[in-house]
Amino acid sequence: MDNSNKMVTVSYTGRFDDGHVFIDQTEQPIEFPCIDGWMPPAFIETVRTMAIGETRSVRVGADEAYEQRTDERIIEIPRDKIPANLKLPLGEMINLEDPSGQTYPARVIEATGDSVVFDTNHDAIAKALNFTITLIAVTDLDRC
């Protein structure tokens, strides 16, 4: 079985080493080309050799999972740009909205009278990840 260079549809659950689920795509499967760079290497390698209907588990080490945490994803927003009635408890996740309407999850890491600092780095960055993957479909890329 070789799903390389084909479009694959998978459902999956991602967990941290402590068992906490950080993503659950079992109800909303995703479709992507089975090509290096689209998902972490161990995820692609696992899907590459799966049969339709098969379920496998794979661990992605912190050194190969997604990306690194960066200071560029720490943003400070003046209080006058935030709705006055919005509760912002330290450590809580909220959704920030950019001018185009796109939303981004962010954790409140500091709040003063003048501004609020948010960390928009994803919780899964630089952590080992454990995936349980089910291959749902495989199609040729030229038919997509």
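What you see is a predicted model; the values in this text were computed from it and never measured. Side chains included, hydrogens not; waters and symmetry mates left out as well; all remaining heavy atoms used.
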Novice: Less than 4.5 Å apart, side chain to side chain, heavy atoms only: is that true for T9 and L135?
Specialist: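 Side-chain contact under 4.5 Å: no.
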Novice: What is the distance from atom CG of N130 to atom CZ of R15, rounded to the nearest 0.5 Å?
Specialist: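 Spacing of CG (N130) from CZ (R15) equals 9.0 Å.
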Novice: Checking side chain to side chain contact (heavy atoms under 4.5 Å, CB included) for the pair D140/K6: CA distance, chi angles, key distance, verdict?
Specialist: CA-CA 5 Å; D140 289 333; K6 295 186 178 182; 3.8 Å; yes
Novice: Which atoms form the tightest heavy-atom contact between A42 and V60, and what is the distance?
Specialist: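 Where A42 meets V60 most closely, the heavy atoms are CB-CG2, 4.0 Å.
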Novice: Would you please name every residue forming a salt bridge (charged side-chain N to carboxylate O under 4.0 Å, His left out) with E54, sequence neighbours left out?
Specialist: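 For E54, the residues satisfying salt bridge (charged side-chain N to carboxylate O under 4.0 Å, His left out) (neighbours in sequence not counted) are R56.
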Novice: Dump the intermediate steps for side chain to side chain donor-acceptor pair (under 3.5 Å) on T112 and D114, then the final yes or no.
Specialist: CA-CA 5 Å; T112 66; D114 298 327; 5.2 Å; no
Novice: To check you understand the geometry: which heavy-atom pair defines the closest contact between A128 and R59, and what is its length?
Specialist: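 Heavy atoms of A128 and R59 come nearest at CB-NH2, 3.1 Å.
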Novice: Are any of the side-chain heavy atoms of V58 and I133 separated by less than 4.5 Å?
Specialist: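 Yes, their side chains come closer than 4.5 Å.
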Novice: What pairs meet the salt bridge (charged side-chain N to carboxylate O under 4.0 Å, His left out) rule with one or both residues in residues 34-46, with sequence neighbours excluded?
Specialist: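 Non-adjacent pairs meeting salt bridge (charged side-chain N to carboxylate O under 4.0 Å, His left out): D36-R48, E45-R48.
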Novice: Can a donor-acceptor pair be found, under 3.5 Å and without considering hydrogens, that links the side chain of D119 to the backbone of A106?
Specialist: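 No, because the side chain of D119 does not come within donor-acceptor range (under 3.5 Å) of the backbone of A106.
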Novice: Quick one about S115 and E76 (side-chain donor to acceptor, distance below 3.5 Å, no hydrogens or angles considered), yes or no?
Specialist: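 Yes, side-chain donor-acceptor contact under 3.5 Å.
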Novice: Passes side chain to side chain contact (heavy atoms under 4.5 Å, CB included), L129 versus F16? Steps please.
Specialist: CA-CA 5 Å; L129 309 174; F16 296 127; 3.7 Å; yes
Novice: Side-chain heavy atoms under 4.5 angstrom apart, residues restricted to Ile, Leu, Val, Met, Phe, Trp, Tyr: same cluster for I75 and L86?
Specialist: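 Result: yes, single cluster for both.
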Novice: How close do Q25 and I23 get, counting heavy atoms only, and between which atoms?
Specialist: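 In terms of heavy atoms, the two residues are closest at OE1-CD1, 3.7 Å.
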Novice: Report whether M7 and I52 are members of the same hydrophobic cluster (ILVMFWY, side-chain heavy atoms less than 4.5 Å apart, transitive linking).
Specialist: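 Yes, it is one cluster - the side chains of M7 and I52 are joined through contacts under 4.5 Å.
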Novice: State, yes or no, whether a side-chain contact exists between V8 and E31 at a heavy-atom distance under 4.5 Å.
Specialist: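 With C-beta onward as the side chain, the pair stays apart.
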Novice: To the nearest 0.5 Å, what is the distance between OG1 (T120) and CD1 (I109)?
Specialist: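 With rounding to 0.5 Å, OG1 (T120) is 9.5 Å from CD1 (I109).
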Novice: Rounded at 0.5 Å granularity, tell me how far CD1 in I77 sits from CG in L88.
Specialist: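 So the gap between those two atoms works out to 9.5 Å.
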Novice: Are side-chain heavy atoms of W38 and V47 found at a separation under 4.5 Å?
Specialist: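 Result no, sub-4.5 Å side-chain heavy-atom pair not found.
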Novice: Please determine which of T26, T55, I30, T132 meets the side chain to side chain contact (heavy atoms under 4.5 Å, CB included) test together with Y12.
Specialist: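 With Y12 as partner, side chain to side chain contact (heavy atoms under 4.5 Å, CB included) holds for just one option, I30.
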Novice: Can you measure from CG (D24) to OG1 (T13) and round to the nearest 0.5 angstrom?
Specialist: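 Reported to 0.5 Å precision, the distance equals 4.0 Å.
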Novice: Minimum heavy-atom separation for V108 and P89, please, with both atom names.
Specialist: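 Scanning both residues, the minimum pair turns out to be CB-O, 3.6 Å.
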Novice: Looking at side-chain heavy atoms only, is the closest gap between L96 and F118 below 4.5 Å?
Specialist: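 Yes, at least one pair of side-chain atoms sits under 4.5 Å.
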Novice: Looking only at heavy atoms, which two atoms of V10 and I136 are closest? And how far apart?
Specialist: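 Shortest heavy-atom contact: C-CD1, 4.0 Å.
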Novice: Contact between L141 and P33 at the side-chain level, heavy atoms closer than 4.5 Å - yes or no?
Specialist: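 Contact flag for L141/P33 side chains = yes.
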Novice: Is a side-chain donor or acceptor of N5 paired with a backbone partner of C34 at a separation under 3.5 angstrom?
Specialist: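 Such a contact is absent between N5 side chain and C34 backbone.
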